Amino acid sequence: MIRFAANLNILSVVDFQLRVITMKRALITGITGQDGAYLAKFLLKKGYQVFGTFRRTSTPNFWRLQEVEVFDQVNLIPADLIDSASIAEAITVAEPDEVYHLAAQSFVGASFEQPIGTGNVTGLGVTRVLEVIRLINKDIKFYQASTSELYGNGNAHPQREESSFMPQSPYSAAKLYGYWITRIYREAYDIFACNGVLFNHESPLRGLEFVTRKISNGVARIVIGMDKTLPLGNLKARRDWGYAPEYVESMWLMMQQDTPDDYVIATNEACTVQEFAEKAFEVAGLNWEKYVIVDKRFIRPLDVNYLQGDYSKAREKLGWEPKVKFDRLVEIMVKADIDRWNKWLHGERFPWDAPHYPAETRILTRSLRM
Ligand code: NAP
Ligand code: GDD
């Protein structure tokens, strides 16, 4: 579809036509999350016009978009996954060519505390988005943020696209529903809908309750003398940990294929939580054994023991390959958190301490607001 670019400079007629024709529009649900921020940056670099949904919160939650320096380039639309009308509004306003559905209650631990809410948001939320696409414009392409948690404990490793699923949490049960409803809409309605079955991916933008960021932040607090111990849960769990900025590229690649399909995205290497802690303390010149304690409050009612992904299909069909591996990932995260705490000691705010809704916030709806 031909649309006018908002920020046209003086261009030749040919340049103008090319640019208008090629400028794609993407809608990212969950743009305020880790992947949302990196994907927004990636798509802007590719020349997309980027729209993203956010939830109204009592304290602004745009710090990741500010941290990756794209906040003033994205268009924000208020929407909640439990509110179908707001999703319809977002898709109507954004007129996207591609929808990247990343929004979810994404913390496995919290899904044991709020299983029904997680089912509603993380499971049914997928259908709400797909229904709006089916009713408004079936040409919109759809990416579903599926997860290695689907595999649970039922498989030999490494896990591949055809490995069987055995979810171990309300979160992964909800994601299993999301996975299948995506395939059902693909087959029943001929919608370009694909599942990225992504294994754990981390970064300095990761939420603080996830174990990798909890460790990197905990190490930093110990380094500056704020804490003396780091309480963790299951140290034996094994995960295939990759670097989030690389994983968002795979999402885009899946959407550029001739036919929609499902892909595992991983590094094919797995390490334990304990190994992550060992390496993180080592980066700071400390011995983990002096600081890590096991606190049963962080042990889940059920846990996934061993996730390791075989990404051969993504390598062959998408040309995707991870570059940042475990040691480098841990180093990036620990150094980033030590840097943040040192800056804080010198009077700087943390990136997430945004004081107010910045004046340049570009919030869009059909009914005028602000
Ligand atoms: P994240 O940082 O937790 O971000 C989740 C996003 O969803 C946030 O923007 C959040 O908004 C939004 N959200 C939560 N509840 C919502 C609701 N009711 N309505 C609208 N938006 C809502 O997660 P992430 O790490 O970026 O992961 C992105 C997606 O990939 C998630 O679906 C996750 O389950 C999936 N996934 C992640 C990994 C991983 O290792 N990171 C691996 C496999 C799959 P607020 O900022 O307002 O909370
Ligand atoms: N969060 C947390 N906190 N996890 C701990 C702790 C702790 O103190 N101690 C041990 N763990 C263990 C968990 O029990 C789990 O086995 C492992 O560390 C990883 O936990 P998380 O970092 O919370 O991630 P996750 O693997 O449960 O889920 C993440 O990855 C999935 C992909 O496999 C999330 O990003 C999900 O949204 C994603 O789908």
Side-chain angles (χ1 to χ4, degrees), residues 28-39 52-57 59-65 78-83 86-87 90 100-111 117-118 120-122 124-126 128-129 143-152 159 167-169 171-172 174-175 178-179 195-203 205-215 218 230-244 247-248 251 265-266 272-274 276-277 292-307 309 352:
I28 303 171
T29 68
I31 198 168
T32 55
Q34 170 188 258
D35 291 4
Y38 286 125
L39 181 62
T53 67
F54 74 103
R55 293 189 288 177
R56 188 262 160 194
T57 47
T59 310
N61 185 21
F62 300 128
W63 72 272
R64 293 186 176 92
L65 293 168
D80 195 304
L81 287 179
I82 60 170
D83 179 346
S86 70
I87 299 167
Y100 294 85
H101 180 49
L102 309 185
Q105 190 301 92
S106 74
F107 186 44
V108 175
S111 78
T118 302
N120 194 356
V121 170
T122 304
L124 269 179
V126 187
R128 294 192 182 102
V129 179
Y143 169 87
Q144 163 61 5
S146 281
T147 166
S148 49
E149 280 286 303
L150 299 177
Y151 297 116
Q159 291 97 4
Q168 300 289 309
S169 64
Y171 165 81
S172 41
K175 282 284 183 183
Y179 171 92
N195 284 289
V197 183
L198 271 57
F199 283 62
N200 299 49
H201 45 281
E202 318 292 319
S203 75
L205 299 191
R206 190 57 143 148
L208 277 167
E209 74 268 64
F210 298 94
V211 77
T212 55
R213 184 76 204 297
K214 182 176 169 184
I215 294 172
L230 175 59
L232 295 173
N234 178 7
L235 298 180
K236 295 194 175 4
R238 246 171 227 282
R239 290 289 182 279
D240 179 327
W241 275 300
Y243 187 42
Y247 281 45
V248 298
M251 301 173 186
I265 301 296
T272 61
V273 170
Q274 180 174 314
F276 196 102
V292 171
I293 53 172
V294 172
D295 182 333
K296 60 178 191 257
R297 282 179 306 157
F298 298 112
I299 294 180
R300 294 174 181 166
L302 268 183
D303 206 355
V304 173
N305 302 326
Y306 200 139
L307 293 177
W352 44 90

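All ligand and atom numbering here is 1-based and tracks the order in the structure. Throughout, residue positions are numbered sequentially from 1 according to the sequence presented. Nothing here was measured: the structure is a model prediction, and the numbers come from that model.
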Note: Glu149, heavy atoms under 4.0 Å from ligand 1, region reported as neither

Does ligand 1 have an atom that lies less than 4.0 angstrom from a heavy atom of Arg64?
-> no

Restricting to heavy atoms, the pick from Ser111, Gly125, Ala103 nearest atom 21 (N) of ligand 1 would be Ala103

- Query: Can a non-hydrogen atom of Ile82 be found less than 4.0 Å from any atom of ligand 1?
  - Reply: no

Polar contacts were defined as any N/O atom of the residue lying under 3.5 Å from an N/O atom of the ligand; does this apply to Ser148 and ligand 1? no

For Leu81, the ligand 1 atoms with a heavy-atom partner under 4.0 Å come out as 17 (C), 18 (N), 19 (N), 20 (C)

For Val211 and ligand 2, does the shortest N/O to N/O distance drop below 3.5 Å?
-> yes

N/O to N/O below 3.5 Å, does that happen between Lys214 and ligand 2? yes

Q. In terms of ring plane angle, is the pair Phe107 and Phe210 parallel, tilted or perpendicular, where the classes change at 30° and 60°?
A. perpendicular

Any Phe107 heavy atom less than 4.0 Å to ligand 1: no

> Taking distance alone, with no angle check, do Gly233 and ligand 2 share an N/O pair under 3.5 Å?
Replying inline: yes

Taking every heavy atom of Tyr247 against every heavy atom of Gly242, the minimum-distance pair comes out as OH-CA, 3.4 Å

Looking only at protein heavy atoms, what sits closest to atom 6 (C) of ligand 1 is Gly30 CA, 3.8 Å

The answer for which part of Asp35 has a heavy atom under 4.0 Å from ligand 1 is both

Tyr171-ligand 2 polar pair, N/O distance under 3.5 Å | yes

Is ligand 1 less than 4.0 angstrom away from at least one heavy atom of Ser146? yes

Closest to atom 5 (C) of ligand 1 (heavy atoms only, candidates Pro78, Gly52, Ala104) is Ala104

min-distance protein heavy atom vs atom 24 (O) of ligand 2 -> Asn200 ND2, 3.7 Å

Atom 23 (O) of ligand 2: closest protein heavy atom, distance to 0.1 Å, is Arg300 NH2, 2.7 Å

For atom 28 (O) of ligand 2, the closest protein heavy atom turns out to be Val108 CG2, 3.6 Å

Checklist entry - Is Lys214 positioned over the aromatic face of Phe298, cation under 6.0 angstrom from the ring centre and no more than 45 degrees off axis? => result yes

With heavy atoms and a 4.0 Å threshold, my read on which part of Val121 contacts ligand 1 is side chain

With heavy atoms and a 4.0 Å threshold, my read on which part of Tyr171 contacts ligand 1 is side chain

Please confirm whether His101 comes under 4.0 Å of ligand 1, counting heavy atoms of the residue only.
no

Atom 15 (C) of ligand 2 has as its nearest protein heavy atom Arg239 NH2, 3.4 Å

At under 4.0 Å between heavy atoms, what of Gln34 touches ligand 1? The answer is both

